[in-house]
Engineer: 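Sharing a structure here in structure tokens format.
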Amino acid sequence: MSGTGLGSPGLDLEKLRMAGAGLALAVLTSGGDAQGMNAAVRAVTRMGIYVGAKVFLIYEGYEGLVEGGDNIKQADWLSVSNIIQLGGTIIGSARCKAFTTREGRLQAAYNLVQHGITNLCVIGGDGSLTGANIFRTEWGGLLEELVSEGKITEEVSQTYSHLNIVGLVGSIDNDFCGTDMTIGTDSALHRIMEVIDAITTTAQSHQRTFVLEVMGRHCGYLALVSALASGADWLFIPESPPEDGWEDFMCERLGETRSRGSRLNIIIIAEGAIDRNGKAITSNYVKDLVVKRLGFDTRVTVLGHVQRGGTPSAFDRVLSSKMGMEAVMALLEATPDTPACVVSLSGNQSVRLPLMECVQVTKDVQKAMDEKRFDEAIQLRGRSFENNWNIYKLLAHQKPAQEKSNFSIAILNVGAPAAGMNAAVRSAVRVGICQGHTMYTVNDGFEGLSKGQIQEVGWHDVAGWLGRGGSMLGTKRTLPKTCMEKIVENVRKFNIQALLVIGGFEAYEGVLQLVEARGQYDELCIIMCVIPATISNNVPGTDFSLGCDTAVNAAMESCDRIKQSASGTKRRVFIVETMGGYCGYLSTVTGIAVGADAAYVYEEPFTIHDLKANVEHLTDKMKTDIQRGLVLRNEKCHTHYTTEFLYNLYSSEGKGIFDCRINVLGHLQQGGAPTPFDRNYSTKLGVKAVLWMSDKLKESYRKGRVFANSADSACVIGLRRKTVSFSPVTELKKVTDFEHRLPKEQWWLNLRLMLKMLAHYQISLTEYVSGKIEHVTRRTLSIEKGF
Ligand code: ADP
């Protein structure tokens, strides 16, 4: 594959082209709007055009489908330009009564046939997707009726005899079973966290209690993740009504935290929260209770539509793009016998699942709740939901252990600061204390460990750390090799039996050095764990590092602004340099999220031919209405083709056609408060790392001391596909390129095809990994949700 992918088209490309030729497909958005729907519309449209199909946009959801006329318009490549950053849906969404009737659907069928459309992509919630499935099932009968009414000929009816349906779930509630995430959920969490962060500052000044009501009439996902990501004191979700007598427990708990010095209490309540008898628990009821019983100054904030608003997060833009591309693949491969499918997310891969089975499991959750089988409801929501719930309960409701264990764990941050480091320290410290361990924190990484900058910490020392960016402990890049003797001395002096190292590539390298020195120093035969935390996302053993989601969002927001700055000035190309060392993750994912024209990375070597092709591509683009370009360049992608070089090349070649500007994003990519994903992910990894260390400590405790020298006693904790796994640092050596500080294999490289296709390059899709799933069971649907 060449750099910008402008190589000659492969066989598969030709096959795909032929598959799409002569087809007409339409896309609509329906039900409640969600951020990211535009990115999905864009991806479906562009992939559709890419495979040679005619693509139609249907405006105003099913309403437009039933009314027809100007509501159904053929789209070209530019119809969906510059929409990826917009919230809501540019093609409009509506609820439509007529479509719930057969007459309405008859009219809709007529309108589709008029345009020769037999492929429909519906982006909406389970209601909209159920409607689409009914439409597909009835299609044959509807056409017969149209023939009998003389509206269409028998020949037309034969030509368009099958309707293929594919669904994408757009719903901020994440209430659809079968997918890890629905379109809009992550952005809604961003909005919620912005509000919580704002409230936290004012509430702390006045010692207040905040009752925050978030959306979710039937599903508590938003409330649950917000509670986890904000360290809320109490949480109400429909799936798990509180035990009778909760009023007493809650007030007792709030009183306790206040007496321990907390100036702020947060209570999060899902819109659909109920008690064990099915009676609604309202935010005002909770507020009145707190005021009456405790006399706390308490305020209610109902977030409402704020949660649907604003620009989509990077995750939603990438998710929607992936799903949109896969939706077109699904339509191309559909036969009259394939059931309608929904494109969903499994780990970091988009997959196809039978639509109606997913709808059924989603309904089963509601049924379980209606029938008060609450534990089952939580299980049916999926593994991720259950995991989140258990971790929330562990952190919010457990108290420090009464009895001390024999163990002590020291925590340090290594490398450059990354968002989420503090959240991971917080949850690790608290879970450690719950287990009875002595918890130490170390300032300034391995250097601080060698200098004895070590102190014991308590529960409240880490209060308020969840939402803070950077590293509260202080971090350095120093590797243990340079100060091994001193480190050993302090490990002995403080009797440290486990080391939790949170950081980037140096964290990994550092722990490896300690492990390799075990033969020399018995003191290093202790339990070690690395939590990857770096904006570069280049640590082996995990798909994601803490902080990389925050960095991508920061880079994306900057690029959005850069793009917008040129809205008045035409014919301008921006060259934006991103961080990441040799790792092109940040550049690639930001590129997809902002709709960049190219993203140059080290992992995909490029030559002068690619640069030339890109200049020509931009020159062509300047002839269209979109007289603006954005090219990303990872800081170490090429020794000679520097950012300056690209600027000079583009400026010279584009002379008279476009002008060029450089932006080096630099350290702003490291800063800022962590995103909801990073807060949640960091919290979870902190908890899981300490629980794992506790088990390992017990296993290796003999004759009054810990002695661990097996490979699996020093691991990197990471997320691989959708499971949290522990990989021995020594084993990861084989899969690591130490010279360039990279894992040898990186999952996200296949996203680059999408970046190029969406930027209008002629690429080969030979390496595209389709999400086709042959066999799926109910059980897979319900338990395989997230990590
Ligand atoms: P969501 O898709 O967000 O769940 P709704 O349930 O309101 O939202 O559905 C949106 C639209 O989808 C409805 O207004 C209706 O036009 C259509 N729809 C929903 N359920 C059905 C159904 N069972 N049959 C036909 N159309 C339906």
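Note that ligands are numbered from 1 as they come in the structure, with each ligand's atoms numbered from 1 the same way. Here the structure is a predicted model, which means the values were calculated and not measured.
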Engineer: Considering only heavy atoms of Gly32, which atoms of ligand 1 have at least one such atom less than 4.0 Å away?
Structural biologist: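 Near Gly32, meaning under 4.0 Å from one of its heavy atoms, ligand 1 has 3 (O).
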Engineer: Report, in ascending order of atom number, the atoms of ligand 1 lying under 4.0 Å from any heavy atom of Phe99.
Structural biologist: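 Heavy-atom distances to Phe99 below 4.0 Å select 16 (O), 25 (C), 26 (N).
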Engineer: Can you name the atoms of ligand 1, numbered from 1 with element, that are less than 4.0 Å from a heavy atom of Ser30?
Structural biologist: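 Once the distances to Ser30 are compared, the set is 10 (C), 11 (C), 12 (O).
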Engineer: Quick one: which ligand 1 atoms are inside 4.0 Å of a heavy atom on Tyr62?
Structural biologist: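 So the atoms of ligand 1 that pass are 12 (O), 16 (O), 17 (C).
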Engineer: Once the angle between the rings of Phe677 and Phe544 is folded into 0 to 90°, is it parallel (under 30°), tilted (30 to 60°) or perpendicular (over 60°)?
Structural biologist: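 Judged by the thresholds at 30° and 60°, the geometry between Phe677 and Phe544 is perpendicular.
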Engineer: Should you measure from each heavy atom of Gly125, which atoms of ligand 1 turn up under 4.0 Å away?
Structural biologist: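 So the atoms of ligand 1 that pass are 1 (P), 2 (O), 3 (O), 4 (O).
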Engineer: Under a 4.0 angstrom heavy-atom cut-off, which atoms of ligand 1 come close to Ile134?
Structural biologist: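 Every atom of ligand 1 under 4.0 Å from some heavy atom of Ile134: 22 (C), 23 (N), 24 (N).
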Engineer: Testing the basics here: between Gln85 and Thr311, what is the closest heavy-atom pair and its distance to 0.1 Å?
Structural biologist: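 For Gln85 and Thr311, the tightest heavy-atom pair comes out as O-OG1, 2.7 Å.
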Engineer: Using a 3.5 Å cut-off on N or O atoms only, is Leu129 in polar contact with ligand 1?
Structural biologist: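 By distance alone, the answer is no.
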Engineer: For ligand 1, which atoms sit closer than 4.0 Å to a heavy atom of Asp126?
Structural biologist: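 The atoms of ligand 1 under 4.0 Å from a heavy atom of Asp126 are 4 (O).
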Engineer: Starting from atom 18 (N) of ligand 1, what is the nearest protein heavy atom, named by residue and atom, and what distance separates them?
Structural biologist: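 Ranking protein heavy atoms by distance from atom 18 (N) of ligand 1, first comes Gly127 O, 3.5 Å.
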Engineer: Would a line drawn from the ring center of Phe385 to the ring center of Trp389 be shorter than 6.0 Å?
Structural biologist: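 That pair fails the under 6.0 Å test.
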Engineer: For Lys563, look at atom NZ and say whether over 12 heavy atoms of other residues, nucleotides or ligands are found less than 6.0 Å away.
Structural biologist: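 Enclosed.
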Engineer: Between Ser93 and Asp33 (side chain of the first, backbone of the second, donor and acceptor by atom type, cut-off under 3.5 Å), is there such a pair?
Structural biologist: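 The answer is no, because no donor-acceptor pair under 3.5 Å joins these two groups.
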Engineer: Considering only protein heavy atoms, which is closest to atom 2 (O) of ligand 1, and at what distance to one decimal place?
Structural biologist: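 Ranked first by proximity to atom 2 (O) of ligand 1 is Ser128 OG, 2.3 Å.
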Engineer: With Phe236 as reference, evaluate Ile274, Ile269, Thr282, Asp275 under the side-chain contact (heavy atoms from CB on, under 4.5 Å) test and give the passing residue.
Structural biologist: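 Single side-chain contact (heavy atoms from CB on, under 4.5 Å) partner of Phe236 among Ile274, Ile269, Thr282, Asp275: Ile269.
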Engineer: Could you tell me whether Glu386 and Arg383 make a salt bridge, using a distance below 4.0 angstrom between a side-chain N and a carboxylate O?
Structural biologist: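 No, no charged N to carboxylate O under 4.0 Å.
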Engineer: Name the option, out of Ala94, Gly131, Cys96, Gly61, that contains the heavy atom nearest to atom 27 (C) of ligand 1.
Structural biologist: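 Answer by nearest heavy atom: Gly131.
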Engineer: Considering the heavy atoms of Arg95, write down every atom of ligand 1 situated less than 4.0 Å from one of them.
Structural biologist: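 The list of qualifying atoms is 3 (O), 5 (P), 7 (O), 8 (O), 14 (O).
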Engineer: Got a donor-acceptor contact below 3.5 angstrom from the Thr550 side chain to the Thr675 backbone?
Structural biologist: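 Checking the backbone N and O of Thr675 against the side chain of Thr550, a donor-acceptor pair under 3.5 Å is found.
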